[in-house]
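In what follows, a structure is listed as structure tokens, so that the remarks can point back to it.
Note that the coordinates shown come from a computational prediction; the quantities given were computed from them, not determined experimentally. All chains are named by letter (A, B, ...) in the order of the sequence lines, taking the proteins before the strands, and each is independently numbered beginning at 1.
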There are 2 protein chains.
Amino acid sequence: MEVRRDVFQAIADPTRRAILTMLTLQALTPGAIAANFNSSRQTISKHIQILAECELLRHHYSGREIYYQLNPVKMKEIADFIEPFKAIWDTRLNQLDEILNQLKNK
Amino acid sequence: MEVRRDVFQAIADPTRRAILTMLTLQALTPGAIAANFNSSRQTISKHIQILAECELLRHHYSGREIYYQLNPVKMKEIADFIEPFKAIWDTRLNQLDEILNQLKNK
DNA sequence: ATGATATGCAGCTATTTGACTGCAAATATA
DNA sequence: TATATTTGCAGTCAAATAGCTGCATATCAT
């Protein structure tokens, strides 16, 4: 497990993506998060650690409980990677629009 | 190697991300792509296969050469995953704007 | 026809991953 | 104080990953 501090590695796992999505609504404790999965609590805890290591999650203590919450800005790294591709598919769609318009004007 | 047809798994590898970025400019043959890396041609070829398997790449033949090109629309799957998070970080930034405006109006 | 080039596929190997269990520490509750 | 709850950490293990080499096939050039 050890060193995996890469955002792209982090979101490669479907369980971790589910955790991230789950946290869009509210901050949750590891126990509460794990309750939603069939895997063991420790397994989910490791996934949380990985997400926290690459700063996709932040946390704060409340007694013995730890609340994990999203650090949505970190997701921008992924968005930034996609951006150039988005430009391409937008272009393709615009070209399609243009063709459709030309057809319409006939 | 075998079964990895998931877009998120595909972009987890930095070499594969580099290949994708490389192909934003133009379609390239496996040989041309591999020339940009230190890894062996066969290794790069496997990465290309993985990208093609999950439909991030398309290809067409030209004699014995095979040109691989982006299927940018497939990248939308990733964009769609990020969308909800984007909404959150936009909200945060808007809230910040609002606070700054309130300070300005005093 | 012969040799060179471009490519994919099969097989091997070290490392990484994701799951599990057990245990220890810290905090809450009775 | 004794017990229960919440959490993290260490260790184990099977499967997956990413790299390599060797080889077969198809096409181009001489």
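- Applying the 4.0 Å criterion to OP1 and OP2 of dT7(D), one finds that His59(A) has every side-chain N and O outside that range.
- Positionally, the nearest nucleotide of DNA chain C for Ser39(A) lies more toward the 5' end than for the other of Ser39(A) and Ser62(A).
- One atom, CD1 of Ile44(A), and another, P of dT6(D), lie 16 Å apart when rounded to the nearest Å.
- For the atom pair Thr24(A) OG1 and Leu20(A) CG, the distance stands at 9.0 Å (nearest 0.5 Å).
- Taking atom OH on Tyr67(A) and atom P on dT6(D), their separation rounds to 10 Å, with Å as the unit.
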Can you give me the N/O atom pairs linking the protein to nucleotides 22-25 of chain D at distances under 3.5 Å, or say none if there are none?
unit_1: dG22(D); atom_1: O6; unit_2: Gln42(B); atom_2: NE2; d: 2.9

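- Between the side chain of Asn71(A) and the backbone N or O of Leu57(A), no donor-acceptor pair lies under 3.5 Å.
- Residue Lys46(B) contributes atom NZ, which lies 8 Å from atom C1' of dG19(D) at whole-angstrom precision.
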Show which side-chain atoms of residues 29-39 of chain A pair as donor or acceptor with protein atoms under 3.5 Å away, not counting sequence neighbours.
unit_1: Thr29(A); atom_1: OG1; unit_2: Ala32(A); atom_2: N; d: 3.2
unit_1: Asn36(A); atom_1: ND2; unit_2: Ala32(A); atom_2: O; d: 2.9
unit_1: Asn36(A); atom_1: ND2; unit_2: Ile33(A); atom_2: O; d: 3.4

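- Checked against a 6.0 Å centroid threshold, the rings of Tyr61(A) and Tyr67(A) do not count as neighbours.
- A salt bridge between Asp6(B) and Arg17(A) is present, with a side-chain N of the basic residue lying under 4.0 Å from a carboxylate O of the acidic one.
- Contact annotation: Thr43(A) reaches the phosphate of dC20(C) (side-chain N/O to OP1 or OP2, under 4.0 Å).
- Between Leu51(A) atom CG and dG8(D) atom P there is a gap of 13 Å when expressed in whole angstrom units.
- Phosphate proximity of dT6(D) to Tyr68(A): absent, as no side-chain N or O sits under 4.0 Å from OP1 or OP2.
- The shortest distance between the side-chain N/O atoms of Ser40(A) and the OP1/OP2 oxygens of dC20(C) is below 4.0 Å.
- Remark: C1' of dC9(C) and CD of Glu53(B) are 13 Å apart, rounded to the nearest angstrom.
- Regarding contacts with the backbone of dT7(D), a side-chain N or O of Thr29(A) is found under 4.0 angstrom from either OP1 or OP2.
- To the nearest 0.5 Å, the span separating CD on Glu53(A) from CD1 on Ile48(A) amounts to 12.5 Å.
- With hydrogens and angles ignored, no donor-acceptor pair under 3.5 angstrom links the side chain of Arg64(B) to the base of dT7(C).
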